[in-house]
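Heads up: the structure comes next, in structure tokens.
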Amino acid sequence: MNDNPYSTAVLAWYQANARDLPWRHDDASPWSVLVSEIMLQQTPVVRVLPAWAAWMERWPTPADLAAAPSGDAVRMWNRLGYPRRALNLHACARTIVERHGGEVPDSHTDLLALPGVGPYTAAAVASFAYGQRHAILDTNVRRVLARTVTGVQYPPKAQTRAEVALAEALLPAEASVAARWGVAVMELGALVCTARSPACGECPISGDCAWRAAGRPAHDGPPRRGQTYAGTDRQVRGKLLAVLRDASGPVPKAALDAVWDEPVQRERALDALVADGLVDPLDDGRYALPR
DNA sequence: GAGCCGTGGCC
DNA sequence: TGGCCAAGGCT
């Protein structure tokens with residue numbers, strides 16, 4: 001009732017093996033937790049660590065970031081990837097100041113309404129920053145549950161209702177325990193039950209794992225992904241934005257044209273950056289990061 | 001709901 | 001080498 005078959009072992013393992021990440025410290029502010037969660041979307045911890053530290057040093061509160069131009073956030077984001085997240089975080093800061101008195105909201109509903117905050121991030125902030133009871137279902141948890149409970153190597157490509165129901169069913173009743181359970185399962189997936197080479201010998205619940213009991217059968221079915229990058233609009237967008245990030249001010253169009261030969265794709269990528277609010281076309285024909 | 005959105009490291 | 005993967009969200 002207050003427990004699931006794995007919680008005791010997983011919580012004990014976490015107690016002994018959790019990484020010392022700064023956004024997990026007792027004195028970490030809800031804002032610092034939100035910043036970490038946005039940065040960690042599709043981005044490895046090792047690359048987030050220095051970016052998070054620099055960000056928190058420069059903008060310790062939502063009000064600090066809200067007072068800055070959004071272009072400063074894009075430049076500070078540097079090469080973390082998915083730069084719309086920088087814009088989202090800036091918009092979060094302004095919303096938090098205007099609608100929540102400068103404090104990161106603690107309700108899942110209010111969090112979900114913030115730009116760039118989806119079901120996972122809202123649950124993570126409510127749970128990790130505020131100690132609330134929410135099911136945490138990220139790529140790590142999905143993989144752990146797929147193996148342990150369902151007995152398959154990988155979860156389905158798209159998240160299913162069944163996975164949500166399972167995560168909720170496993171949630172310990174007590175809020176503080178549930179919050180530790182969520183981060184503990186994530187950590188287990190990140191450190192032990194990894195995608196490519198799971199360390200079952202170090203897993204606290206390997207004895208209860210359906211996938212291991214079945215002999216660790218390989219994933220069957222269609223290939224899981226096919227995410228090419230070279231030659232895509234994404235690559236062109238990255239090159240264009242890098243020019244603006246590395247410049248101290250507005251740049252002439254020729255500087256942007258120089259990064260990609262094919263004009264149709266180049267213009268399409270630039271237009272998309274402008275539409276996204278990541279690039280500002282000036283009246284004089286030059287381009288700049290937004291104000 | 002499938003496709004799109006950056007970047008870098010790893011085997 | 002290149003496909004795969006990394007604390008997702010939006011359209």
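In the text below, chain A, chain B and the rest are named by the order of the sequence lines, each starting its count at 1.
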Considering every strand and a 4.0 Å limit on heavy-atom distances, what is the contact class for A:R161: base, sugar-phosphate, or nothing? nothing
If I take atom CD in residue A:Q41 and atom P in nucleotide B:dT7, what distance separates them, rounded to the nearest angstrom? 16 Å
Taking only the side-chain nitrogens and oxygens of A:R143, find out if one of them lies under 4.0 Å from OP1 or OP2 of C:dA6. yes
Do you see a donor-acceptor pair shorter than 3.5 Å between the side chains of A:N88 and A:R85? no
Once you round it to whole Å, what is the distance between C1' of B:dC5 and CD of A:Q235? 14 Å
Would you say A:T43 places a side-chain N or O within less than 4.0 Å of OP1 or OP2 belonging to B:dT7? no
In whole angstrom, what separates A:D276's CG from C:dG9's P? 17 Å
Measure the distance from NZ on A:K239 to P on B:dC5 and round it to the nearest whole Å. 16 Å
So does A:R79 get a side-chain nitrogen or oxygen closer than 4.0 Å to the phosphate oxygens (OP1/OP2) of B:dG8? yes
Would you say the side chain of A:R196 and the base of C:dC4 hold a donor-acceptor pair, judged only by whether the two atoms sit under 3.5 Å apart? yes
So what does A:G81 hit on the nucleic acid, given a heavy-atom distance under 4.0 Å: a base, only sugar-phosphate, or nothing? base
Side-chain donor/acceptor of A:R234 to base of B:dG6, under 3.5 Å: yes
Using atom P in both nucleotides, what's the gap between B:dC4 and C:dA7 to the nearest angstrom? 23 Å
A:L278 near the nucleic acid: base, sugar-phosphate alone, or nothing, with a heavy-atom cut-off under 4.0 Å? nothing
Between A:R24 and A:E187 (salt bridge meaning N to carboxylate O under 4.0 Å), is one present in this structure? yes
C:dA7, B:dG6, C:dG9: which one has an atom nearest the side-chain heavy atoms of A:D138? C:dA7
What distance, rounded to whole Å, do you find between the two P atoms, one in C:dC4 and one in B:dG3? 15 Å
To check you understand the geometry: which heavy-atom pair defines the closest contact between A:W211 and A:P217, and what is its length? NE1-O, 2.8 Å
Show your working on ring pair (Phe, Tyr, Trp, His ring centres under 6.0 Å) between A:W77 and A:W55 and close with a plain yes or no. CA-CA 8 Å; A:W77 199 256; A:W55 193 280; 5.7 Å; yes
With respect to the phosphate group of C:dA6, does any side-chain polar atom (N or O) of A:Q42 fall under 4.0 Å of OP1 or OP2? no
Looking at B:dC5, C:dA7, C:dC5, which one has an atom nearest to any side-chain atom of A:R84? B:dC5
Looking only at atom types and distance, does a side-chain atom of A:R133 sit under 3.5 Å from a main-chain N or O of A:A173, one as donor and one as acceptor? yes
Rounded to whole angstrom units, what separation is found between the CH2 atom of A:W77 and the P atom of B:dT7? 12 Å
Donor-acceptor contact below 3.5 Å, side chain A:D280 vs main chain A:P290: no
When you measure from the side chain of A:T121, which nucleotide among C:dG8, C:dC5, C:dA7 comes out closest? C:dG8
Could you tell me whether A:R142 contacts a base, only the sugar-phosphate backbone, or nothing, with contacts defined as non-hydrogen atoms closer than 4.0 Å? nothing
Phosphate-side-chain proximity, A:R85 and C:dA7, N/O vs OP1/OP2 below 4.0 Å: no
Could you tell me whether A:W52 contacts a base, only the sugar-phosphate backbone, or nothing, with contacts defined as non-hydrogen atoms closer than 4.0 Å? nothing
Taking the nucleotide of DNA chain B with the nearest heavy atom to each, does A:A158 or A:P44 sit closer to the 5' end? A:A158
Please state how far atom NE2 in A:H219 lies from atom C1' in C:dC4, giving the value in whole angstrom units. 13 Å
Can you figure out which of B:dG6, C:dG8, B:dC5 approaches the side chain of A:D233 most closely? B:dC5
Please report, rounded to the nearest Å, how far the P atom of C:dG8 is from the CG atom of A:N140. 7 Å
Judged by nearest nucleotide, the residue sitting upstream toward the 5' end of DNA chain C, A:T194 or A:L114, is A:T194
Nearest whole Å is fine: how far is B:dG6 P from A:L87 CG? 11 Å
Minimum-distance nucleotide (side-chain atoms of A:A195 versus C:dA7, B:dC5, C:dC5): C:dC5
Pick base, sugar-phosphate or nothing for A:I136, based on heavy-atom distances below 4.0 Å to the nucleic acid. nothing
What heavy-atom pair brings A:A269 and A:L240 nearest, and what distance separates the two atoms? CB-CD1, 3.9 Å
